[in-house]
Amino acid sequence: MTEQTKFKPVRKAVFPVAGLGTRFLPATKAIPKEMLPIIDRPLIQYAVDEAREAGIDQLIFVTGRGKTAIVEHFDTAYELEDTMRGRDKSLDVLEPTRIQPGNLVTVRQQVPLGLGHAIWCARAIIGDEPFAIFLPDELMIGTPGCMKQMVEAYNETGGNLISVLEVPHEEVSSYGVIDPGQVLDGFGGSLTEVKGLVEKPRLEDAPSNLIISGRYILQPEVMRVLENQGKGAGGEVQLTDAMAKMIGTQPFHAVTFGGKRYDCGSKTGFVEATLALALERPDMADDVRAMARRLLGL
Ligand code: UTP
């Protein structure tokens, strides 16, 4: 245990990347969705960077058929590096792809039976430690990063945490929504007790407009809940159902992320993320702004 925390530290992160990515077909027929780039970095790279910023360096990828490119992305590309060196090109650009030997583990989800099932596939690697989950198609941009903010909250509360975002009330039916309890003092209004979780509620039944976004810190007991859990909505083993069962047995809180979230699992979200990030980059912003004006006839 480190000095600053009363609880077992979060050192492991699970990245479920075994989904089929059907919304991006045919692009994702042979390329994993998580390797689609926002400008010049694949989605999985943004998620791994966010994990490291939060001090998490043991990375567990739950992969499936056709996902080997994700693992190769984090491997040493000897020929490429040798050629680049020979041409006097800097290798700095590859730095984020380097992983400490032994810190990347893959487990296989042979059939994509749902997010909950994908997480359960990592149970032997998780053991009895708390762990983080990143859904790489949800791109979270902010300072500090979403997981860093969550780990800081975890060090105070322990238990389980999910990140949430406020959306217009009329949009809640597309998401998992929390039933909020008390807002905790000392976190600038960003830490809320979770009394319940509802998946895709009707507008009139929605307990709040705080939707679950793709970052979690969970206790290992969730694996036992998942073990005994049948299929839920959409015929899939749902993580939300398992988390809902944990509420009341362990502390459960929501962190309202102060930054921006882009749903890169949808095409418009993907385009929005690309544009937004390009407009933030000093090497591109002016050209992209001029291009957007031209396209919009402004
Ligand atoms: P999504 O709901 O976005 O599903 O999964 P998907 O298959 O990736 O994409 P679409 O909807 O068909 O376009 C959310 C996350 O959970 C992972 C996905 O890889 C993604 O990171 N996942 C989902 C699994 O690893 N296994 C599953 O069985 C389902």
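Computation of the quantities below employed the complete heavy-atom set of this structure, encompassing side-chain atoms and omitting hydrogens, waters and symmetry-equivalent molecules. All values reported here derive from a predicted model rather than from experimental measurement. Atoms within each ligand, like the ligands themselves, are counted from 1 in listed order.
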### Task
Can you see which heavy atom on Gly214 is nearest to which on Ser163, and at what distance?
N-OG, 4.5 Å
### Task
Output every pair passing side-chain hydrogen bond (donor to acceptor under 3.5 Å, both in side chains) with a member in residues 277-287, not counting sequence neighbours, ordered by first then second residue.
Asp40-Arg281, Arg281-Asp283
### Query
Under a 4.0 Å heavy-atom cut-off, which residues neighbour ligand 1?
Pro16, Val17, Ala18, Gly19, Leu20, Gly21, Thr22, Arg23, Lys33, Glu34, Gln109, Pro112, Leu113, Gly114, Leu115, Ala118, Pro136, Asp137
#### Entry: All pairs passing salt bridge (Lys or Arg N to Asp or Glu O under 4.0 Å) where residues 137-151 contributes a residue, at least two apart
Lys33-Asp137, Glu138-Arg261
### Message
Between Glu81 and Arg98, does any side-chain N to carboxylate O distance fall below 4.0 Å?
### Response
yes
### Task
Would you please name every residue forming a salt bridge (charged side-chain N to carboxylate O under 4.0 Å, His left out) with Asp49, sequence neighbours left out?
Arg41
### Task
Over 60° means perpendicular and under 30° means parallel, so classify the ring planes of Phe61 and Phe15, tilted if in between.
perpendicular
